[in-house]
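Notes for the one structure printed next.
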Amino acid sequence: MSLYYTQKLLYQLNRDPAVRRRFDEDFESLLAEHELTDEERDALRKPDIGLLYVMGVNGQILMHYAALRGYEWNAYLEAMRAGERRYGPVRTGLYTRADSR
Amino acid sequence: MALVFAGVCSHAPGITGRAERADPAARDRFYAAMGRMREAIEASRPDALVVIAAEHFANFFMNNMPAICVGMGEHYEGPIEDEKWLGIGHHRVPGNQPLSRELIQEIMNDIDLAYAEEWKFDHGIMVPLHFLTPRYDLPVIPVNINCQGPPLIPLKRAYEFGRSLRRACDARPERIAVIGTGGISHWPATPDSGRINEPWDRAFLEKLLHHRRDELLAYRDQDVWREGGQGGFEIRTFIAIAGATEGCTGELWCYVPIPAFAVGCTVAVMRLH
């Protein structure tokens, strides 16, 4: 797991117009610069917002990526719920539910 | 001249970004209370507004996360988020660098601080400013207390920061207003977004507004997480205000749960003495 680098990439994407340009023009080279697993790269590419949530990406970071990829607010919330149904409870981080620990 | 105003308010991005989804009566009641707070701040004739906020990975990340950071810029800008998403246009916000420097130096007698001359405001500061300084003409000094995830500073340190800020303000000739802004209970940006624990919120506000210091500082993070969600960690911003107004009581101007805004929308003002 390289949750830290997944979140770092998204943090930079959210705040830096230059990184956003690279996202538009050459997302693959941006992905290649970060230590990510295949699952993380695939989830970022698709995007699989539900899987990113289940992986433990902080919602304050993830909600902006979802918006960037065209998810309206309710669609974003539903994507996370669908992620939990498909992939199971959040694996690590702040959102691991008390009843799943 | 010291501290001339102190209060707390909510800052959730839905307040401006998803305004049309809220119950209109509840929304308008909260907006009116924010308007009343603006008038009270203006009536206090401040030279600067200190905003104690909990930012959300706009400037600070886990590669170098400050426990507490105070802005020391000549100016700031925001919002960092998409303007349409937040419903607030981009603005440059004036700072007061000399005053920031003096406050930081003084507080450092008590608390180790980080400082930042660059700061892109996110909704945590822009939503309050949208209502409280809509012309963006009052110099702002931003403060961030890390509330996003552990390790978090103990509540007593947030309180001590507030006390130290008050001492630093009292030593200055400027008139200084301060607000703390955060959630009480909320589960923002998660599948539970919209959940609000009203009894828990009201119990917290009761302690805050009657200055029951020991009870305020007795909250444990694991209980806050369970009862108030991960957004509940932001009570640190309100507790800093309790420290800055030690011994003072306060008045609740608005508390209305608005699920579409994902928070119990709160406005409260402390009676300074």
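Order of the sequence lines sets the chain letters (A, B, ...), proteins ahead of strands, with each chain counted from 1.
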Q. Can you say whether Asp16(A) sits under 4.5 Å from chain B via the side chain, the backbone, both, or neither, judging by heavy atoms?
A. neither

Q | Heavy-atom proximity to chain B below 4.5 Å, by part of Glu78(A) | A | neither

Got a second to check how far [X]'s [atom1] is from [Y]'s [atom2], nearest 0.5 Å?
X: Arg18(B); Y: Asn74(A); atom1: CZ; atom2: CG; answer: 8.0 Å
X: Thr190(B); Y: Gln60(A); atom1: OG1; atom2: CD; answer: 9.5 Å
X: Trp85(B); Y: His64(A); atom1: CH2; atom2: NE2; answer: 4.5 Å

Can you tell if the side chain of [X] reaches within under 4.5 Å of the side chain of [Y], non-hydrogen atoms only?
X: Tyr76(A); Y: Ser193(B); value: no
X: Asn58(A); Y: Phe57(B); value: yes
X: Glu81(B); Y: Met63(A); value: no

Please indicate whether [X] has more than 12 foreign heavy atoms, meaning atoms of other residues, nucleotides or ligands, lying under 6.0 Å from its [atom1].
X: Glu117(B); atom1: CD; answer: yes
X: Glu83(B); atom1: CD; answer: yes
X: Glu215(B); atom1: CD; answer: yes
X: Asn63(B); atom1: CG; answer: yes

Q. Does the pair Glu72(A)/Arg21(B) count as a salt bridge with the N-to-O cut at 4.0 Å?
A. yes

Q | Region of Phe233(B) that comes under 4.5 Å of a non-hydrogen atom in chain A | A | side chain

(Q) To check you understand the geometry: which heavy-atom pair defines the closest contact between Glu84(A) and Pro191(B), and what is its length? (A) OE1-CG, 3.9 Å

Q. How far apart are the closest heavy atoms of Leu94(A) and Gln148(B), and which atoms are they?
A. CD2-O, 3.0 Å

Q) Can you say whether the rings of Phe61(B) and Tyr11(A) are parallel (under 30°), tilted (30 to 60°) or perpendicular (over 60°)? A) parallel

Q | Backbone N/O of Tyr95(A) and side chain of Trp225(B): donor-acceptor pair under 3.5 Å | A | no

Q: Determine, step by step, whether Arg15(A) and Asn59(B) satisfy the side chain to side chain contact (heavy atoms under 4.5 Å, CB included) criterion, reporting the C-alpha distance in whole Å, the side-chain angles of both residues, the deciding distance to 0.1 Å, and the verdict.
A: CA-CA 8 Å; Arg15(A) 73 185 310 277; Asn59(B) 301 272; 3.7 Å; yes

